[in-house]
Amino acid sequence: MNEDYEQDDAPIKKELNEEIYWEYYEYEFQEKTADWFWIFGTIAVLLIIISLILKNYLFGLIILLGSFILGTYAKRPPSLLTYGLGRNGVKHGESIFRYDTIKSFWVNKDSNHLIIESIRLVKPYISIPLGDTDPELIRQKLLPIIKEQEYHGSFSDYLSDFFGF
């Protein structure tokens, strides 16, 4: 066996020369009024009643737990997180998404967010607020490393924006 064998299909090393970091809140906080909580609670109670009438107790339990979690989440102020483009990946708070696990990226200049598409099956799109960081600088740094692909948002993105999450 020849030890000088060089594999042609070796993965390309994806690495950034200059690191960029910034701090920003994990999401845009929108103060919820008492009316918002009353409407939310009324919808949850109606869905629970419907699930009990239909004898779908598991659905009722899921609605109960989900509404409790969403209600407490709606009151919680956002944390200040560190984001950035590191040498080997994109930093999102305590998580780092390695460049070789990112399929594509999109810099949404309207919402001032970096959206990355990872190889994860559950929640593959990760939205990263850019804060005061120049969106074009982020785009230029990522272009040689990751494929740029336009992303317009999913149905759950629109729902969370509509309800103020």
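Excluded from the calculations below are hydrogen atoms, water molecules and symmetry mates; all remaining heavy atoms, backbone and side chain alike, are included.
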Measure the spacing between CD1 of I96 and CG of N88 and express it to the nearest 0.5 Å. 8.5 Å
Output side-chain donor-acceptor pairs under 3.5 Å for residues 112-122, partner residues at least two apart or in another chain, one line each.
unit_1: N112; atom_1: ND2; unit_2: G131; atom_2: O; d: 2.7
unit_1: H113; atom_1: ND1; unit_2: S111; atom_2: O; d: 2.8
unit_1: E117; atom_1: OE1; unit_2: S104; atom_2: OG; d: 2.9
unit_1: S118; atom_1: OG; unit_2: R120; atom_2: N; d: 3.3
unit_1: S118; atom_1: OG; unit_2: P124; atom_2: O; d: 3.2
unit_1: R120; atom_1: NE; unit_2: K123; atom_2: O; d: 3.4
unit_1: R120; atom_1: NH2; unit_2: K123; atom_2: O; d: 2.7

CZ (F68) with more than 12 external heavy atoms under 6.0 Å: no
Would a hydrophobic clustering, with Ile, Leu, Val, Met, Phe, Trp and Tyr connected at side-chain separations under 4.5 Å, put L143 with I102? yes
From E31 atom CD to K75 atom NZ, the distance as rounded to the nearest 0.5 Å: 10.5 Å
Check whether more than 12 heavy atoms from other residues, nucleotides or ligands sit under 6.0 Å from atom CD of E94, and answer yes or no. no
If you compare all heavy atoms of R139 against all heavy atoms of E148, which two are closest, and at what distance to 0.1 Å? NE-OE2, 2.8 Å
Can you check whether H92 reaches Y83 side chain to side chain, under 4.5 Å on heavy atoms? yes
With the side chain counted from C-beta on, respond yes when I126 and V90 share a heavy-atom pair under 4.5 Å apart, and no when they do not. no
CG (D132) and CG (L130) are apart, to the nearest 0.5 Å, by 10.0 Å
Which heavy atom of G60 sits nearest a heavy atom of S51, and at what distance? CA-OG, 3.1 Å
Membership question, hydrophobic clusters at under 4.5 Å side-chain separation (ILVMFWY): are Y21 and I145 in the same one? no
Donor-acceptor check, side chain of K91 to backbone of G89, threshold 3.5 angstrom: yes or no? no
Y25 atom OH, neighbour heavy-atom count above 12 within 6.0 Å: no
Test item: E26 side-chain N/O and S79 main-chain N/O as donor-acceptor pair under 3.5 Å: yes
Any donor-acceptor pair under 3.5 Å linking the side chain of W38 with the backbone of T33? no
Taking every heavy atom of P129 against every heavy atom of Y24, the minimum-distance pair comes out as CB-CD2, 3.5 Å
Can you label the angle between the Y151 ring and the Y125 ring as parallel, tilted or perpendicular, going by 30° and 60°? parallel
Test F105 against I128 for side chain to side chain contact (heavy atoms under 4.5 Å, CB included), laying out the working first. CA-CA 11 Å; F105 80 95; I128 299 172; over 6 Å; no
Common cluster, L52/I63, ILVMFWY with side-chain heavy-atom separation under 4.5 Å: yes
Working to the nearest 0.5 angstrom, can you tell me the gap between D134 CG and K109 NZ? 8.5 Å
Taking every heavy atom of W106 against every heavy atom of Q149, the minimum-distance pair comes out as CB-O, 3.2 Å
Do side-chain atoms of Y99 reach the backbone of L142 as a donor and acceptor pair under 3.5 angstrom? no
d(T133 OG1, I138 CD1) to nearest 0.5 Å is 5.5 Å
Report the distance from atom OG of S67 to atom CG of L47, rounding to the nearest 0.5 Å. 9.0 Å
State plainly whether one hydrophobic cluster holds both V45 and I53, where clusters connect Ile, Leu, Val, Met, Phe, Trp and Tyr through side-chain heavy atoms under 4.5 angstrom apart. yes
Ignoring hydrogens, what is the shortest heavy-atom contact between E19 and R87? Give both atom names and the distance. OE2-N, 3.0 Å
Side-chain heavy atoms nearer than 4.5 Å, only ILVMFWY residues, links allowed to pass through others: does that put I69 and L64 together? no
